[in-house]
Number of protein chains: 2
Amino acid sequence: MGNGTSAKDRAYRDTKARILDGSLPGGELITEGQVADALAMSRTPVREAFLRLEAEGLLRLFPKRGALVVAVSPAEVEAVLEAREVVEGHALGKLCEAPTAEREAVARALHEVLYVQRAALADDDEPAFAEADRRFHITIVESTRNPILLELYASLRDRQLRINLGSLDRGPRRPQEILAQHEAIVDALAPGRADEARARLRDHLDATRVAVAGTRSPAAS
Amino acid sequence: MGNGTSAKDRAYRDTKARILDGSLPGGELITEGQVADALAMSRTPVREAFLRLEAEGLLRLFPKRGALVVAVSPAEVEAVLEAREVVEGHALGKLCEAPTAEREAVARALHEVLYVQRAALADDDEPAFAEADRRFHITIVESTRNPILLELYASLRDRQLRINLGSLDRGPRRPQEILAQHEAIVDALAPGRADEARARLRDHLDATRVAVAGTRSPAAS
DNA sequence: CGGGAACCGGATGCATACAAGATGCATCGA
DNA sequence: TCGATGCATCTTGTATGCATCCGGTTCCCG
């Protein structure tokens, strides 16, 4: 999609960023006019951005009423995590049985990401750590070379971001745990060990589930 | 999404239908103005419909140029079938290990669908057969109760429709084959037989792959 | 004091107007 | 003859205007 600097894209990126970083909390009601005024453009491009955000599940449009920033619900958390397990699990399984050359190429890429992530942890560089985390999972899904799955996964990652916002994902030992689980996943990347790789993925996602569980704000109805 | 009779929805449904039934073949270049005139509305709602269709992978928008009806490529066929296998396979596996009551409820629903599909075959009622086919697969995916996976699957089914258009999916024995494969899938729905159910699904999708293979028109570049 | 209808403000849905980018062709020059 | 340039035309991108619809409030009447 045009990442050019069209008004539509600005509206899309700005609003999405505000939703993902929490400055537009779930339950908030926003209007096309507000965003249009804030970005000094007309309602038309904002409208298109809203439609796209609704398709991504971040907004819910109410006819003649406004746009509701959807609150993260436990059901959504579960749906996102299940979908992630399905997509990433498939990618891991496929990768285990892929030709050696390809599997090792991806494994090398993953090791590189882990190296960066370890360094970020050592430097206490949270953004770099998060970015490496993102690269790790995306690299796995990219290995399927399936644009449909990849696009779905991109949307899942966005939702995950928002989910993590309200969670205690920042426990002191959590980064180490994440890193260890990533390493366990990569270590299981070998022919015949697909089930194990998927099990390690499940461990990883379960940890996210735990980190997120019970930390939701009641979400303005 | 509002299935009300708004202009936007009419533009969306009409254009989508025309793409899916082949009256707008892949490679065709259409414009907002054409559709707007044809439906006696302004460009605004058409534009929104186009954006949505692009998100679904049916159109590709070229800035200031027009909208290209994307031609089905072998790569897309493969991507759709792989994604279907991932989603439906997950649903089947989950269903096999689900509580007995739930599994049997879904199995009953599937048997009902198969009954309808058999009747449609006997009556030589192609639309009814296709609709039953659709219900069969959707019922499986619905059993996950995961709206994300369900929505993805809906989009996959649409793409599959278009893929089937240019295929020899109408071989004389093909309906019997489909029905038999559906039955094999349902028969494998039992605890501990998840792998078998997935294998039967793979058989089914492989048959589609074969039916579609080598029947593509060269697709205007 | 309570209930219902009219009213008002605000937001969207769509139509229309205008500006700007892109393409293809005709034209012009070497 | 061939290539570059400018133009005509088509299409999108964005702005703006207006009608409609919704919800909350007010006002009137019983």
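The chains referred to below are lettered A, B, ... by the order of the sequence lines, with proteins before strands, and numbering in each begins at 1.
- Contact annotation: A:Ser42 side-chain N/O to D:dA15 OP1/OP2 distance is under 4.0 Å.
- With C:dG13, D:dT14, D:dT12 as the choices, the nucleotide that has an atom nearest any side-chain atom of A:Arg47 turns out to be C:dG13.
- Between the CG atom of B:Asp37 and the P atom of D:dT12 there is a distance of 11 Å, rounded to whole Å.
- Nearer to the 5' terminus of DNA chain D, by closest-nucleotide assignment, is the contact made by A:Lys8 (compared with the other of A:Arg43 and A:Lys8).
- Using modelled atom types and a 3.5 Å distance limit, the side chains of A:Glu56 and A:Tyr12 yield a donor-acceptor pair.
- In this structure, CD of B:Glu54 is placed 13 Å from C1' of D:dT12, rounded to the nearest angstrom.
- The interatomic distance linking B:Glu32 (CD) with D:dT12 (C1') rounds to 6 Å, in whole Å.
- At whole-Å resolution of the value, CG in B:Leu68 and C1' in D:dT12 are 16 Å apart.
- When the P atom of D:dT12 is taken as reference, atom CD1 of B:Ile30 falls 9 Å away, rounded to whole Å.
- Side-chain contact check for A:Val212 versus A:Asn164: some heavy-atom pair is nearer than 4.5 Å.
- Using modelled atom types, one finds no donor on one side chain facing an acceptor on the other under 3.5 Å when comparing B:Glu85 with A:His90.
- When the C1' atom of D:dC10 is taken as reference, atom CZ of B:Phe62 falls 17 Å away, rounded to whole Å.
- Interface remark: the B:Lys64 side chain does not form any donor-acceptor pair with the C:dT23 base, using a distance-only criterion of under 3.5 Å.
- When heavy atoms are screened at a 4.0 angstrom cut-off, B:Thr44 is found touching base atoms of the nucleic acid.
- Checked against the 6.0 Å centroid criterion, the rings of B:His182 and B:His111 do not qualify as a close aromatic pair.
- Between B:Phe50 atom CZ and D:dG13 atom P there is a gap of 11 Å when expressed in whole angstrom units.
- Residues B:Asp9 and B:Ser6 have side chains that bring a donor and an acceptor to within less than 3.5 angstrom of each other.
- Regarding B:Leu29, its CG atom lies at a distance of 15 Å from the P atom of C:dA22, rounded to whole Å.
- Positionally, the nearest nucleotide of DNA chain D for A:Glu48 lies more toward the 5' end than for the other of A:Glu48 and A:Arg65.
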